[in-house]
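Written out below as structure tokens is the structure these notes cover.
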2 protein chains.
Amino acid sequence: MPAEPSSVNLEEWFDRLEDSGYRLTKPLRVVAEVMAKNSYCTLSPTEVYDLGREHYPKLGLVTVYRTLEKLEEVGVIQRVHQAGGCNSYIAAPSGHQHLLICRNCGRVEYFQGIDLTDLVSRVEAKSYYSIQDHWLQLIGLYKSCQ
Amino acid sequence: MPAEPSSVNLEEWFDRLEDSGYRLTKPLRVVAEVMAKNSYCTLSPTEVYDLGREHYPKLGLVTVYRTLEKLEEVGVIQRVHQAGGCNSYIAAPSGHQHLLICRNCGRVEYFQGIDLTDLVSRVEAKSYYSIQDHWLQLIGLYKSCQ
DNA sequence: CGTACAATGAAAACGATTTTCAGTTTCTGT
DNA sequence: ACAGAAACTGAAAATCGTTTTCATTGTACG
């Protein structure tokens, strides 16, 4: 059931950004590439900044923040919530998948095949809430971290 | 399946804190009371600070941070992760329950009766991870926020 | 009751994120 | 191609939440 991190189609990311009216600039490309190449692990803005500067030293940290925001808005990356902090991002898998994260190294796998819609509507029927979203995440240790 | 927020037994909280070697001071009592009285909604450190000062104006924000840390450590409150930020806390329900949060007002219900252990061991068997924890949260709108 | 030490609050330090702003780059229409 | 409008950039400064420091206070234990 766990799946290899879906290899990212960078061109599709760029298409989505353009469709949303964003301009394809050099810094944006650099940040997107960093996120795409590291689609198997979580990265904080500072880590993205450092990796990006290896290819494009002029890159500014402010731009990294702004670009991550755009990438999240168009849905190609997603924020990851962990006990140690909630400022990391990772390439978003296609479709609705759930995260399996290593508490130690931040490595990620996805798993799918879990249908929670049934559960969700049961809970909804018995509560005063209209449920819009759900969030399932498994936390553990990757083999080399055990 | 959703349950009313378990009414909190403050004395039990104090017992747990003492058992862990913490001293029962006035500021700690104030912070604990705030969390206990608001067990149906999430509160940020600043909100706890403001509410606490209504009863005890000398209360310092630093103490709020330190006390929330203690309350979390002994397991009577838990941190809540939301899109808008991950710095809110709420009284922890007894046993393993899952959260249903209103995206708008922060109001919370719990639901239980979902056994994920089966799923977890299936995923574990097919991945390179040893799974230690899981995390399921439903996000929606409470009736008065719809 | 008195002592040891955890806990407190104010101020300062800190790190992460946001705002400001002047200059640059990208895209659009011609 | 090219000019102009608007989006985007990077550096510095401002801001926000959180942590550290430290002198003082309060609590629990003997």
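Lettering of chains follows the sequences in order, A, B, ..., and the numbering in each one begins at 1. Predicted, not measured: the structure shown is a model, and the values here were computed from it. Because only heavy atoms are used, hydrogens play no part in the values below, and waters and symmetry mates are left out as well, while side chains stay in.
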Next item on the list: Grab the CG-C1' distance between A:Leu17 and D:dA7 for me, whole Å please.
Entry: 14 Å
Item checked: 5'-most by nearest nucleotide on DNA chain C - A:Thr46 or B:Tyr22 -> B:Tyr22
Check: Within a strict 4.5 Å, meaning less than it, do heavy atoms of the A:Tyr22 and A:Val74 side chains meet?
Finding: yes
Checklist line | Rounded distance (Å) that lies between atom C1' of C:dA6 and atom CZ of B:Arg29 | finding: 15 Å
Next item on the list: Would you please confirm or rule out a distance under 4.0 Å between OP1 or OP2 of C:dG9 and any side-chain N or O of B:Lys26?
Entry: no
Next item on the list: Evaluate the ring planes of B:His98 and B:His134, with Trp represented by its six-membered ring, and classify them as parallel (under 30°), tilted (30 to 60°) or perpendicular (over 60°).
Entry: tilted
Notebook entry, point to check: For the pair made of CG in A:Asn87 and C1' in D:dT18, what is the distance, rounded to whole Å?
Noted result: 13 Å
Checklist line | B:Thr25 side chain near C:dT8 phosphate (N/O to OP1/OP2, under 4.0 Å) | finding: yes
Next item on the list: Tell me, please, which residues at least two apart from A:Cys105 pass side-chain contact (heavy atoms from CB on, under 4.5 Å).
Entry: A:Cys102, A:Arg107, A:Tyr142, A:Cys145
Notebook entry, point to check: Can you find a pair of side-chain heavy atoms, one from B:Ile101 and one from B:Ile90, that are under 4.5 Å apart?
Noted result: no
Next item on the list: May I have the distance from B:Glu47 (atom CD) to D:dG17 (atom C1'), rounded to whole angstrom?
Entry: 13 Å
Notebook entry, point to check: Has the side chain of B:Arg23 got a donor or acceptor that lies under 3.5 Å from a partner of the other kind on the base of C:dC5?
Noted result: yes
Checklist line | Qualifying residue, where the test is side-chain contact (heavy atoms from CB on, under 4.5 Å) with A:Thr67 and the options are A:Thr25, A:Leu28, A:Val48 | finding: A:Leu28
Next item on the list: May I ask you to list the residues of residues 49-62 of chain A, by number, that have any heavy atom positioned under 4.0 Å from an atom of DNA chain D?
Entry: A:Tyr56, A:Lys58, A:Leu59, A:Gly60, A:Val62
Check: C:dT25 C1' sits how many Å from A:Arg66 CZ, rounded?
Finding: 14 Å
Notebook entry, point to check: Is any NZ, NE, NH1 or NH2 atom of the basic residue among B:Arg16 and B:Glu12 found under 4.0 Å from an Asp or Glu carboxylate oxygen of the other?
Noted result: yes
Next item on the list: For the side chain of B:Lys70, starting at C-beta, report the closest nucleotide among C:dA7, D:dA28, D:dT18.
Entry: C:dA7
Next item on the list: Ignoring hydrogens and angles, tell me if any N or O in the side chain of B:Gln78 forms a donor-acceptor pair with the backbone of B:Ala92 under 3.5 Å.
Entry: no
Checklist line | Value in whole Å for how far the P atom of C:dT8 lies from CG of B:Leu24 | finding: 10 Å
Check: Between atom CG in B:Asp19 and atom C1' in D:dA28, what is the gap in whole Å?
Finding: 15 Å
Margin query: Quick check: on DNA chain C, is the nucleotide nearest A:Glu18 upstream (toward 5') of the one nearest B:Pro27, or the reverse? Name the residue that is more 5'.
Written below: B:Pro27
Check: What is the distance from OH of A:Tyr65 to P of D:dT9, rounded to the nearest Å?
Finding: 16 Å
